[in-house]
Chemist: 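Mind having a look at this structure? Questions to follow.
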Amino acid sequence: MSDLEDEYRLDYFDEEGFVRTACSSCGDHFWTRDERRETCGEPPCASYEFVGSPGFDESYTLSEMREAFLSFFEERDHERIDPYPVAANRWRDDVLLTQASVYDFQPHVTSGQAPPPANPLTVSQPCIRMQDIDNVGKTGRHTMAFEMMAHHAFNAREEAEGYAYEGEVYWKDETVAYCDELLREMGADPEKVTYIEDPWVGGGNAGPAIEVIYEGLELATLVFMSMERDEDGDYLLKDGNRYSKMDTYVVDTGYGLERWTWMAQGTPTVYEAVYPETIDFLKQHAGVDYTDEEDRLVAEAATMAGGLDVDDVDDVEAARGEIAAELGVDVERLRDLVEPLESIYAVADHCRTLAYMLGDGIVPSNVKTGYLARMVLRRTKRLVDDAGVDVPLDELVDMQAERLGYENRDTIREIVRAEEEQYRETLERGSRRVESLAAEYADRGDPLPTGRLVELYDSHGIQPETVREIAAREGASVEVPDDFYALVADRHGGDDGGETAAETDDRAAEVADLPETDLLFYDDPTGTAFEAVVLDCFEREDGYDVVLDQTLFYPEGGGQPADTGALRTDDDSFAVTDVQSVDGVVLHRTDGNPGSGAIVRGSLDAERRRALMRAHTATHVVGHAAREVLGDHVRQAGAQKGVESSRLDVRHFRRIGRDEIEAIERVANRIVRQNLSVRQSWPDRNEAEAAHGFDIYQGGIPPGEQVRLITVGDDVQACAGTHVERTGDVGLITVLSTEPIQDGVERIAFAAGAAAVAATQRVERTLVDTAETLDVSPPEVPETAQRFFDEWKERGKEIDRLTEELAAARAAGDGGGETVEVGDATVVVRRLDADADELRATANAVVDEGRTAVLGSAAGGSAQVVVGVPDGVPIDAGEAVARLSERLGGGGGGPPDFAQGGGPDADALDDVLADAPGVLRAVHNA
RNA sequence: GGGCUCGUAGAUCAGCGGUAGAUCGCUUCCUUCGCAAGGAAGAGGCCCUGGGUUCGAAUCCCAGCGAGUCCA
């Protein structure tokens, strides 16, 4: 076993006269030109030296610094590439947001499966780190959104084969030399630069890494990704796992653009350096106007905070007293001065984050990336309100979107406004809830229990602070426990089930030695018959999986169902019912075994295949139409093609309206009429991404060096499915329905070709049938239905009125009933086979006449009894009913003046009613 | 993907096994110089849908649909 110490002994350090030193404060090892240097230079071992006196020769703005960095590496043979979106899930499915420049090249490039877009390359990659959200604005140096400037080189060992790049571009010495040279060019004093040894581990990879510190600020991290997790590896690293060297090794650097700009300007916090205009604007609109003396105080406090070990919010709070004492001011005064600024800094950063997120097409929702966007937006809204900024949030976000050069600014504003509105409604709903809850507890003089507080937050999204405010108005006290968020977490139960049911398919092992099946349908998309040799055959519970050397059968994938058909030999015919692809080997599920080595003729169910091809092309057309109608943020969230109908799930921030559906239909059918050609091509992944962006990955992210593109007019998508040759072949496209399948995702169901005609006819048939029933012509149906419904309601009311009238008439006449005296009371005992409503109404009418009613009915299969007692009569109706209905095999009860009950034994009703006077006597005065 | 909360009058909600309610809004009348004023009368409900339990379900149980929210 060995550690990584040797990895840091660079020729470059030797040549330049560096020495290796252990920090006298933290013990970390670092490299420096200054032999007398004792500490590593990073806070808390040292403090900021550049605030107030910039560490570089010239003052750079953010964009000037970016340009300086990129052109520095361009001049040194690095190709400059465009940054990727911040929504990393657009090209990889293991993460949500881009958190580092190397994300752009994971997993295919770093693993060596695909070539990088250039080698070496340089990029300034916007990133978002939600982990820092609480620290933003407060620590003076944390931002949620930032640009990671980087240069990357992708190397493969000489002897390694089968990788998408080969040989060594450059490695550690050159990387450190570049960094040194860049710093020197900026005017940094080389004597003050330290390179700290800090091995990096992450995501199953690892390697030596170096932190670059200058004047107390970490300016860059140079990572040498060269190891992977390996139980038998030689290296035991800080995460407790073993690692061994890989065949590929990658230079992964990260230079914080914001930090470099800050260093060049020497402002009190990073925020003033990054967005000076935004902060001025916010201060102005929040009415923050400090005197020179106050400004100086704030600046000094910020500088001091930088020198302390301030890594999160709690540290800031703890340090504030110290700082106030040092500055000789009251801690309260310092807080009053600093807190408004902290909010403003955070707002500036959050708005930039939102601009990135929404600009890159993230639609807020309650899941995944959309949830993160919503969280940031709501937090920002609270901060804006707290700080008293009198500018609408959509305008603040738009300012950043404009600065970042996004073109979908109208949509961004619309989304922000829609989200604000929804948040407002949530808060309003919440306030009402809290108010009534608080009033309840205030009446009893109790404080609001913690359980309620947790529920209000978890189920209704109301911050505990908000609850406290509202409750105070109602006069209820609220105690927010320190471990509040832990309690919320508890409510979410036993943590991630983590039942990674990685039941690796046995089938993968079976086919491991078989060659990948030659897929004929790409070259011959319209073919329906072919010949092939049976390579192998596996017996299954319900048939056989036949492997051929080549096939026209499309295996299920990309939302397109498998083809069906038959395999024939000279003697036999086998039905193909399902087709799956396992690691490139196509398995044909059949009802018989043709035998290995047999030559078979395959034939597809041609009609089914054609319908699926139409459906697949239609899916692209509908998706394109949806984007045209709803906006560029519309992305595919899933799709399923079918013979009868297909569906496309798209991200959108509100329900799709009837007008929009019709517009989508019009656009889709226009594309059909234009009869555009549908072309396929197999470009390199990088070329495809460069030419068409990541929007080609609507249907998912395929692996491999090359991707298959399907081009329909302006629409380009990576797609493995089968398509018709021209859009005209799709025929009619009709949208069947839309429905929300989750927040931020709408499902569009549609049909194409003959299925579309059939669907239209079905709808028409329904209408015609309905019209026939109503005996009117189809256009009159809505009006007539309305009239019928109104009449139906009117009749219901009429029936209620008549029931009451009838009841009154019965009560007045008491015909057919028996009247008995129980004590002083007159009791009407009567059977009338009516429903419960009528029974009750009649009993009420009898009671209104001052008499007691005992009514029975056997209308609905079971027996019902109702007893009504006028005021002042000492008979307990509930008790009477209980006794009566017991004899009917059931039960019953109610208040003393009016009760009802019954039982299944309808035959006993007459007897029970006959005995009723006796029962009433028994409960009389009881 | 999972947890939790909620679906009752046009709106906001109460009721939580026994005859569907309140407030605002609406209609008509009275009062008033006038009204987000006062008084009187009235209209307005498949209590989300479907099963189950029960003599009886808006109410309890199950499933579905819908809305909201928190977490991965």
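Keep in mind that this is a model prediction, so the values were computed, not measured. Just so it is clear: chains get the letters A, B, ... in the order the sequence lines come, proteins before strands, and each one is counted from 1.
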Chemist: Expressed as a whole number of Å, how far does the C1' atom of B:rU8 sit from that of B:rG44?
Modeler: 14 Å
Chemist: OG of A:Ser477 to OH of A:Tyr441: how many Å apart, nearest 0.5 Å?
Modeler: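 Nearest 0.5 Å value for the OG-OH distance: 11.5 Å.
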Chemist: Rounded to the nearest angstrom, tell me the gap between atom CD in A:Glu425 and atom C1' in B:rA67.
Modeler: 11 Å
Chemist: For the pair made of CG in A:Leu97 and C1' in B:rA72, what is the distance, rounded to whole Å?
Modeler: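 After rounding, the gap between these two atoms is 14 Å.
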Chemist: Under 4.0 angstrom, heavy atoms only, what part of the nucleic acid is A:Gly902 near: base, sugar-phosphate, or nothing?
Modeler: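 If one applies the 4.0 Å heavy-atom cut-off, A:Gly902 turns out to touch a base.
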Chemist: Nearest-Å distance, CD (A:Glu428) to C1' (B:rC13)?
Modeler: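 Between C1' of B:rC13 and CD of A:Glu428: 14 Å.
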Chemist: Within the 4.0 Å heavy-atom criterion, would you say A:Ser885 contacts the bases, only the backbone, or no part of the nucleic acid?
Modeler: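 Since no nucleic acid heavy atom lies under 4.0 Å of A:Ser885, the category is nothing.
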Chemist: Does the side-chain contact (heavy atoms from CB on, under 4.5 Å) test come out yes or no for A:Glu879 and A:Arg883, once each step is laid out?
Modeler: CA-CA 6 Å; A:Glu879 184 59 27; A:Arg883 294 195 186 188; 3.1 Å; yes
Chemist: Using a heavy-atom cut-off of 4.0 Å across all strands, would you classify A:Arg374 as base, sugar-phosphate, or nothing?
Modeler: sugar-phosphate
Chemist: Find the distance A:Glu886:CD to B:rC55:C1' and express it as a whole number of Å.
Modeler: 13 Å
Chemist: Please figure out whether A:Ala863 or A:Met375 has its closest RNA chain B nucleotide nearer the 5' end.
Modeler: A:Ala863
Chemist: Nearest to the A:Asn844 side chain among B:rC4, B:rC6, B:rU19, which nucleotide is it?
Modeler: B:rU19
Chemist: Among the candidates B:rU5, B:rC70, B:rC55, find the nucleotide nearest to the side-chain atoms of A:Asn366.
Modeler: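 When the side chain of A:Asn366 is considered, B:rC70 is the closest of B:rU5, B:rC70, B:rC55.
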Chemist: In plain terms, say whether A:Arg424 and A:Glu428 are close enough for a salt bridge, that is, a side-chain N and a carboxylate O under 4.0 Å apart.
Modeler: yes
Chemist: Rounded to whole angstrom, note down the C1' distance from B:rG10 over to B:rA72.
Modeler: 40 Å
Chemist: Would you mind pulling out the nucleotide paired to B:rU27, Watson-Crick or G-U wobble, both distances under 3.5 Å?
Modeler: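 Checking every strand shown, B:rU27 finds its partner in B:rA41, with both distances under 3.5 Å.
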Chemist: What distance, rounded to whole Å, do you find between the two C1' atoms, one in B:rG1 and one in B:rA14?
Modeler: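 Between the two C1' atoms, the distance is 36 Å.
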Chemist: Kindly assign one of parallel, tilted or perpendicular to the pair A:His633 and A:His652, based on the angle between their ring planes and the thresholds 30° and 60°.
Modeler: parallel
Chemist: Rounding to a whole Å, what distance do you find between A:Arg887:CZ and B:rC55:C1'?
Modeler: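 Result: 16 Å.
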Chemist: In terms of side-chain heavy atoms of A:Gln900, which of B:rC13, B:rG18, B:rA20 is nearest?
Modeler: B:rG18
Chemist: Taking only Lys NZ, Arg NE, NH1 and NH2, and the carboxylate oxygens of Asp or Glu, determine whether A:Arg887 and A:Asp915 approach each other closer than 4.0 Å.
Modeler: yes
Chemist: Between A:Arg840 and A:Asp837, is there a side-chain N and carboxylate O pair less than 4.0 Å apart?
Modeler: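 Judged by the 4.0 Å cut-off on N to carboxylate O distance, A:Arg840 and A:Asp837 do form a salt bridge.
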Chemist: Within less than 4.0 Å of OP1 or OP2 of B:rC13, is there a side-chain N or O belonging to A:Arg432?
Modeler: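 True: A:Arg432 side-chain N/O within range (under 4.0 Å) of B:rC13 OP1/OP2.
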Chemist: Under 4.0 Å, heavy atoms only, any strand: does A:Val367 hit a base, just the sugar-phosphate, or nothing?
Modeler: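 Touches a base.
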Chemist: B:rU69, OP1 or OP2 - any side-chain N/O from A:Arg378 closer than 4.0 Å?
Modeler: yes
Chemist: Does a side-chain N or O from A:Gln422 land closer than 4.0 Å to OP1 or OP2 of B:rU69, or not?
Modeler: yes
Chemist: Has the side chain of A:Asp458 got a donor or acceptor atom sitting under 3.5 Å from an opposite partner on the base of B:rU69?
Modeler: no
Chemist: Does a side-chain N or O of A:Thr426 approach OP1 or OP2 of B:rU69 to a distance below 4.0 Å, or not?
Modeler: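 Yes, such a contact exists.
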Chemist: What's the closest nucleotide to the A:Lys368 side chain, out of B:rA72, B:rC70, B:rC55?
Modeler: B:rA72
Chemist: Using the C1' atom as the point on both nucleotides, what is the distance between B:rC26 and B:rU12, in whole Å?
Modeler: 16 Å
Chemist: With rounding to the closest Å, how many angstrom separate the C1' atoms on B:rG52 and B:rU5?
Modeler: 24 Å
Chemist: Measure the shortest side-chain to side-chain distance between A:Val650 and A:Val745 over non-hydrogen atoms and say whether it is less than 4.5 angstrom.
Modeler: no
Chemist: Just how far is it from atom CZ of A:Arg379 to atom CE of A:Met130, taken to the nearest 0.5 Å?
Modeler: 8.5 Å
Chemist: Check every strand shown and say whether A:Asp837 touches a base, only sugar-phosphate, or nothing at a heavy-atom separation below 4.0 Å.
Modeler: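 The residue A:Asp837 makes no contact with any strand.
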Chemist: Could you check which of B:rU5, B:rG18, B:rU69 has an atom nearest any side-chain atom of A:Pro895?
Modeler: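 Output: B:rG18.
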Chemist: For B:rA36 versus B:rA41, give the span between their P atoms, rounded off to a whole number of Å.
Modeler: 24 Å
Chemist: Identify the nucleotide, in any strand shown, that forms a Watson-Crick or G-U wobble pair with B:rU32, with both distances under 3.5 Å; if there is none, say none.
Modeler: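 When the pairing criteria are applied, nothing turns out to pair with B:rU32, so the answer is none.
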Chemist: Just the rounded figure in Å: distance from P of B:rG68 to CD of A:Glu421.
Modeler: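 For the pair A:Glu421 CD and B:rG68 P, the rounded distance is 12 Å.
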Chemist: Under 3.5 Å for both donor-acceptor distances, Watson-Crick or wobble: does B:rC16 have a partner, and if so which one?
Modeler: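 Across any shown strand, B:rC16 pairs with none.
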Chemist: Nearest to the side chain of A:Arg840, heavy atoms from C-beta on, is which of B:rG68, B:rU19, B:rC55?
Modeler: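 Output: B:rU19.
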Chemist: Quick one: is the NZ or CZ of A:Arg647 closer than 6.0 Å to the six-membered ring centre of A:Phe750, and within 45° of its axis?
Modeler: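 Here A:Arg647 fails the 6.0 Å and 45° test against A:Phe750.
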Chemist: Please give the distance between the C1' atoms of B:rU59 and B:rU53 as a whole number of Å.
Modeler: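 The answer is 13 Å between these two C1' atoms.
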Chemist: Could you check which nucleotide pairs with B:rC46 in any of the strands shown, counting Watson-Crick or G-U wobble with both distances under 3.5 Å?
Modeler: none
Chemist: How far does the P atom of B:rC60 sit from the matching atom of B:rC6, given to the nearest Å?
Modeler: 10 Å
Chemist: Ring centres within less than 5.5 Å and planes less than 30° apart: is that true of A:Tyr457 and B:rU69 in this structure?
Modeler: no
Chemist: Base, sugar-phosphate or nothing for A:Gly891? Non-hydrogen atoms, less than 4.0 Å.
Modeler: base
Chemist: In whole angstroms, how far is the P atom of B:rC70 from the CD1 atom of A:Ile462?
Modeler: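 Distance, rounded to whole Å: 10 Å.
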Chemist: Check the distance between B:rA67's P and A:His460's NE2 and give it to me in whole angstrom.
Modeler: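 Answer to the nearest Å: 17 Å.
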Chemist: Just name whichever nucleotide pairs with B:rU5, Watson-Crick or G-U, keeping both distances under 3.5 Å, else none.
Modeler: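 Looking at the geometry, B:rU5 pairs with B:rA67.
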Chemist: Which of these nucleotides, B:rU19, B:rU69, B:rC6, is closest to any side-chain atom of A:Phe898?
Modeler: B:rU19
